2 protein chains.
Amino acid sequence: MTAISKAEDTRQRVLDVAARQFRDRGYAGVSLRDIADEAGLKAGSLYYHFRSKDEIVATVLDIGIALVHEAVERAVAALPQGPSPERLLTTAIRQHLQAFLAYSDYTSANVRIFGQLPPEVRRANLPARQRYEALWDAIIDRARAAGTVRNSVDTATFRLFLLGAMNASLEWFDPARGDVDRLARRYADLALHGLLGRPEA
Amino acid sequence: MTAISKAEDTRQRVLDVAARQFRDRGYAGVSLRDIADEAGLKAGSLYYHFRSKDEIVATVLDIGIALVHEAVERAVAALPQGPSPERLLTTAIRQHLQAFLAYSDYTSANVRIFGQLPPEVRRANLPARQRYEALWDAIIDRARAAGTVRNSVDTATFRLFLLGAMNASLEWFDPARGDVDRLARRYADLALHGLLGRPEA
DNA sequence: CCTACCGATCGGTAGG
DNA sequence: CCTACCGATCGGTAGG
């Protein structure tokens with residue numbers, strides 16, 4: 001049984017509220033009074049839990065990456081030895097989409113506002129971003145090592161293409177109405193075989 | 001010779017400055033004083049050219065879509081009759097990326113801040129967005145009609161996948177250092193044939 | 001297109 | 001965790 005202190009509980013509630021508000025109105029569009037109101041405390045009291053607005057947003061950004069990183073890493077590690085490139089990449093794509101959409105307040109806050117943050121705050125989130133990119137590069141290179149991958153496109157370009165396509169789904173896909181697993185199968189099919197399948201020559 | 005009035009010139013300069021600032025700091029992160037300072041006039045004077053902050057941002061959003069729409073539509077119309085699906089889609093992809101990256105202040109302002117705008121402002125930009133999506137759906141369906149397209153993924157899903165991947169390039173691709181045409185060839189190759197090429201069965 | 005200003009709101013702090 | 005407040009800044013307007 002985990003003992004959850006009142007302060008911990010409040011802190012989590014503040015972060016949940018902050019993530020959703022930052023996603024919806026941007027970094028500068030959310031005041032500490034907005035967050036405090038919805039989280040049920042007074043604006044000045046936020047400083048009992050956080051040192052500044054920047055610390056709140058930095059925490060939201062890191063959580064958004066960490067949840068997805070862990071989900072993808074765990075699912076890939078649980079695969080039987082020597083998976084086909086298809087199986088490996090399809091698993092990673094499904095896990096990324098499932099986690100991304102499940103924690104969409106945090107993940108889409110990250111995707112949406114990262115580019116418009118003060119440089120110091122952006123810098124604080126960079127290591128987590130780079131570790132996640134490295135995880136994907138390792139997965140792609142592992143698929144490549146199986147030998148059936150066409151070699152025309154380098155790892156970084158494929159990773160940027162694929163993560164860009166997946167992250168954009170935050171802007172239109174509603175997990176409450178759509179089937180995440182079906183979306184994952186379609187996106188994996190497109191990433192692996194494209195619209196046409198076999199190249200012309 | 002086009003006569004450009006002083007007021008028109010100032011208006012254009014204000015929009016250029018506003019687009020870049022909105023892209024970098026978000027909608028609420030940019031004050032009218034910030035824009036006026038960099039455009040070389042006083043904050044109150046902006047109201048000689050625009051009725052409100054919302055009118056400025058709405059104009060920036062519409063320009064971002066219109067420039068890309070026209071470029072893609074024109075290039076596709078200029079194609080010889082009966083182009084192959086490869087040629088048709090590769091042309092559209094190249095034009096989208098070239099225009100998107102050439103006008104990146106406007107286009108990335110649009111991509112980045114759309115989701116965090118007040119609902120009225122978002123609504124004003126919706127028709128332009130939907131017309132552009134319809135243009136892409138028509139292009140994809142035309143490629144499909146040639147008969148060599150696999151039918152496993154529907155038009156809307158492919159369009160969302162592809163536009164998501166392309167638009168994300170705004171966050172990392174620097175046209176001053178990279179080769180847009182090479183990026184376009186790689187993205188077209190991935191969209192058409194995927195990482196593996198031929199499907200397994 | 002500028003000057004001078006309005007009421008409202010901002011992030012943050014002192015003191016409890 | 002609250003009350004009460006600080007100086008700074010916000011979008012917008014009147015009058016020129």
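Keep in mind that what you see is a predicted model, and the values were worked out from it rather than measured. Order of the sequence lines sets the chain letters (A, B, ...), proteins ahead of strands, with each chain counted from 1.
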Please pick, from [options], the nucleotide with the shortest atom-to-atom distance to any side-chain atom of [X].
X: S45(B); options: dG12(C), dC1(C), dC1(D); answer: dC1(C)
X: Y47(A); options: dC1(D), dT13(D), dT13(C); answer: dT13(C)
X: K53(B); options: dG12(C), dG11(D), dC1(C); answer: dG11(D)
X: T10(A); options: dT13(D), dG12(C), dC1(D); answer: dC1(D)

Requested in this report: Please give the nucleotide sitting opposite dC2(C) as a Watson-Crick or G-U wobble pair, both distances under 3.5 Å, or none.
Outcome: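 Pairing partner: dG15(D).
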Which whole-number value in Å describes the distance from [X] [atom1] to [N] [atom2]?
X: R51(A); N: dG11(C); atom1: CZ; atom2: C1'; value: 16 Å
X: F50(A); N: dG12(C); atom1: CZ; atom2: P; value: 13 Å
X: K42(B); N: dA14(D); atom1: NZ; atom2: P; value: 21 Å
X: D34(A); N: dT9(C); atom1: CG; atom2: C1'; value: 10 Å
X: Y48(B); N: dG16(D); atom1: OH; atom2: P; value: 18 Å
X: I56(A); N: dG12(C); atom1: CD1; atom2: C1'; value: 12 Å
X: E120(B); N: dG11(D); atom1: CD; atom2: P; value: 15 Å
X: E55(A); N: dT13(C); atom1: CD; atom2: P; value: 12 Å

query: How long is the span from the CG atom in D189(B) to the OG1 atom in T157(A), to the nearest 0.5 Å?
result: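 Answer for the CG-OG1 pair, D189(B) versus T157(A), is 11.0 Å.
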Within the structure, does a side-chain N or O atom of S52(A) lie under 4.0 Å from either OP1 or OP2 of dG11(C)?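 For dG11(C), neither OP1 nor OP2 has a side-chain N or O of S52(A) closer than 4.0 Å.
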Side-chain N or O of S31(A) versus OP1/OP2 of dC10(C): is the shortest distance under 4.0 Å?
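Checking S31(A) against dC10(C): at least one side-chain N or O falls below 4.0 Å of OP1 or OP2.
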Please compare A7(A) and L32(B) by the position of their nearest nucleotide in DNA chain D and report the one closer to 5'.
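It is A7(A) whose nearest nucleotide is closer to the 5' end.
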| said: Using side-chain heavy atoms (C-beta onward) and a distance below 4.5 Å, is F22(B) in contact with D105(B)? | reply: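 The answer is no, as the side chains (C-beta and beyond) never meet within the 4.5 Å cut-off.
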Open item on the list: With a 4.5 Å cut-off on side-chain heavy atoms, are T107(A) and L67(A) touching?
Closed with: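 Side-chain contact under 4.5 Å: no.
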Answer yes or no: is there a donor N or O on one side and an acceptor on the other, between the side chain of K53(A) and the main chain of V30(A), under 3.5 Å?
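Between the backbone of V30(A) and the side chain of K53(A) there is a qualifying donor-acceptor contact (under 3.5 Å).
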Can we call the ring centroids of Y187(B) and H96(B) under 6.0 Å apart?
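No, the ring of Y187(B) stays outside the 6.0 Å limit from the ring of H96(B), centre to centre.
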